Amino acid sequence: MISLSIPDYGDIELKHVVSDYNGTLAVDGILIEGVADALRTLSEHIEIHVVTADTFGLAKAQLAGLPVTLVIAPPENQADTKLDYIRKLGAANVVAIGNGRNDRKMLEHAALGIALIQKEGAAAETLRSADVVSTSILEALDLLSNTKRLKATLRS
Ligand SMILES: [Mg+2]
């Protein structure tokens with residue numbers, strides 16, 4: 001568990017990371033360099049879930065052997081599928097990470113929503129639903145280990 005206490009924002013206990021795959025952890029279906037190690041390190045503190053339509057059909061092979069729960073969901077109604085998934089885990093204990101329009105609802109309802117602008121860009125609506133916007137998945141995952149950085153970003 002990762003505990004955060006942010007002035008004028010609140011106390012949060014994060015038990016789960018729920019991440020999108022393409023545009024977030026991967027580019028064109030291939031994991032971004034350094035992500036595998038970052039996920040291994042992070043998994044010592046928090047449960048990691050990847051929910052994806054798996055557009056390129058590579059997620060299972062790319063994530064093989066990594067300490068993550070992979071959920072491949074049909075492309076229809078992804079925004080609601082992702083929202084339902086974090087609600088089942090308990091949205092108050094979830095940090096959601098994504099870039100696409102279908103990530104907007106989980107980012108909005110999670111205790112902490114991180115939007116990423118990397119090679120695929122990000123949906124503007126998703127940026128508006130986020131608490132934090134980052135330009136690198138490695139830096140975003142690092143925020144969860146260096147919670148003072150998050151505190152500095154989110155405090156009022
Ligand atoms: Mg995406």
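Predicted model only: the values in this text are computed from it and were never measured.
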### Query
Does the side chain to side chain contact (heavy atoms under 4.5 Å, CB included) test come out yes or no for Leu70 and Tyr21, once each step is laid out?
CA-CA 10 Å; Leu70 173 63; Tyr21 186 68; 5.9 Å; no
### Task
Any chance you could measure Thr24, atom OG1, to Leu116, atom CG, to the nearest 0.5 Å?
5.5 Å
### Message
Main chain of Val50, side chain of Ser19: is a donor-acceptor contact present, judged purely on distance under 3.5 Å?
### Response
no
### Message
If I take atom CE from residue Met106 and atom CD1 from residue Ile86, how far apart are they, to the nearest 0.5 angstrom?
### Response
7.5 Å
### Query
Between Asp54 and Ala59, is there a donor-acceptor pair closer than 3.5 Å when you use the side chain of the first and the backbone of the second?
yes
#### Entry: Glu44, CD atom: more than 12 neighbouring heavy atoms under 6.0 Å
yes
#### Entry: Over all atoms of both residues, closest heavy-atom pair of Ala110 and Ala96
CB-CB, 3.7 Å
### Query
Do Asn146 and Lys148 have side chains that get closer than 4.5 Å, going by heavy atoms?
no
### Query
If every non-hydrogen atom of Ala38 is compared with every non-hydrogen atom of Leu138, which pair is closest and at what distance?
CB-CD2, 4.0 Å
### Query
When hydrophobic residues are tied together by side-chain contacts of less than 4.5 Å, even through go-betweens, does Ile72 share a cluster with Leu25?
yes
### Query
Side chains of Val68 and Leu39: does their closest heavy-atom pair fall under 4.5 Å?
yes
### Message
Using the rule given for side chain to side chain contact (heavy atoms under 4.5 Å, CB included), can you reason through Val17 versus Ile97, listing the C-alpha separation, both sets of side-chain angles and the distance that settles it, and then say yes or no?
### Response
CA-CA 7 Å; Val17 177; Ile97 308 178; 3.8 Å; yes
### Polar side-chain atom of Asn22 near backbone of Gly29 as donor-acceptor pair, under 3.5 Å
yes
### 4.5 Å side-chain heavy-atom contact, Val132 and Leu154
yes
### Message
Could you measure the distance from the OG atom of Ser129 to the CG atom of Asp103? Nearest 0.5 Å is fine.
### Response
10.0 Å
### Query
How far apart are the C-alpha atoms of Val71 and Thr52, what are their side-chain angles, what is the distance that settles it, and do they pass the side chain to side chain contact (heavy atoms under 4.5 Å, CB included) test?
CA-CA 6 Å; Val71 179; Thr52 175; over 6 Å; no
### Query
Any donor-acceptor pair under 3.5 Å linking the side chain of Ser136 with the backbone of Glu139?
yes
### Task
Answer yes or no: is there a side-chain heavy-atom contact under 4.5 Å between Pro7 and Lys151?
yes
### Message
What's the separation between atom OG in Ser3 and atom CG in Leu14, rounded to the nearest 0.5 Å?
### Response
8.0 Å
### Task
Given side chain to side chain contact (heavy atoms under 4.5 Å, CB included), test His109 with Arg87 step by step and report yes or no.
CA-CA 8 Å; His109 292 275; Arg87 283 196 163 140; 3.6 Å; yes
#### Entry: Same apolar cluster: Ile12 and Leu141, side chain cutoff 4.5 Å
yes
#### Entry: Heavy-atom closest contact (Ile114 atom, Leu107 atom, distance)
O-CD2, 3.5 Å
### Task
Measure the shortest side-chain to side-chain distance between Leu63 and Leu31 over non-hydrogen atoms and say whether it is less than 4.5 angstrom.
yes
### Task
For salt bridge (Lys or Arg N to Asp or Glu O under 4.0 Å), just list the numbers for Asp37 and Arg40, CA-CA rounded to whole Å, side-chain angles, deciding distance to a tenth of an Å, and then say yes or no.
CA-CA 5 Å; Asp37 282 341; Arg40 278 189 205 100; 2.6 Å; yes
### Task
Return the orientation label for the His16 and His49 ring planes: parallel under 30°, perpendicular over 60°, tilted otherwise.
tilted
### Query
When rounded to the nearest 0.5 angstrom, what is the spacing between CZ in Arg149 and CG in Leu143?
7.0 Å
#### Entry: Heavy-atom closest pair, residues Gln118 and Ile137
OE1-N, 2.8 Å
### Side chains of Leu144 and Val95 in contact at under 4.5 Å (non-hydrogen atoms)
yes
### Message
Tell me whether Val94 shares a hydrophobic cluster with Ile46, the cluster being built from Ile, Leu, Val, Met, Phe, Trp, Tyr side chains joined at under 4.5 Å.
### Response
no
### Task
Could you tell me whether the side chain of Asn102 and the main chain of Asn77 form a donor-acceptor pair under 3.5 Å?
no
### Query
To the nearest 0.5 Å, how far apart are CG in Asp131 and OG1 in Thr153?
11.0 Å
### Query
Would Val27 end up clustered with Leu58 when hydrophobic side chains under 4.5 Å apart are linked, directly or stepwise?
no
### Task
Output all residues satisfying salt bridge (Lys or Arg N to Asp or Glu O under 4.0 Å) with Asp80, sequence neighbours left out; order by chain, then residue number.
Lys105
### Message
Between Leu112 and Tyr9, is there a side-chain heavy-atom distance shorter than 4.5 Å?
### Response
yes
### Message
For a quick test of reading the model, state the closest non-hydrogen atom pair linking Leu42 to Ser145 and the distance between them.
### Response
CD1-OG, 4.4 Å
### Query
Below 4.5 Å, heavy atoms only, C-beta onward: do Asn99 and Thr126 meet side chain to side chain?
no
### Main-chain N/O of Pro74 paired to Gln78 side chain as donor or acceptor, under 3.5 Å
yes
#### Entry: Contacts of type side-chain contact (heavy atoms from CB on, under 4.5 Å), residue Ala124, not counting sequence neighbours
Arg128
### Task
Scan for salt bridge (charged side-chain N to carboxylate O under 4.0 Å, His left out) pairs involving residues 20-31, sequence neighbours excluded, and state none if there are none.
Asp20-Lys82
### Message
Looking at every non-hydrogen atom in both residues, tell me the closest pair between Ile117 and Ala122 and how far apart they are.
### Response
CG1-CB, 3.9 Å
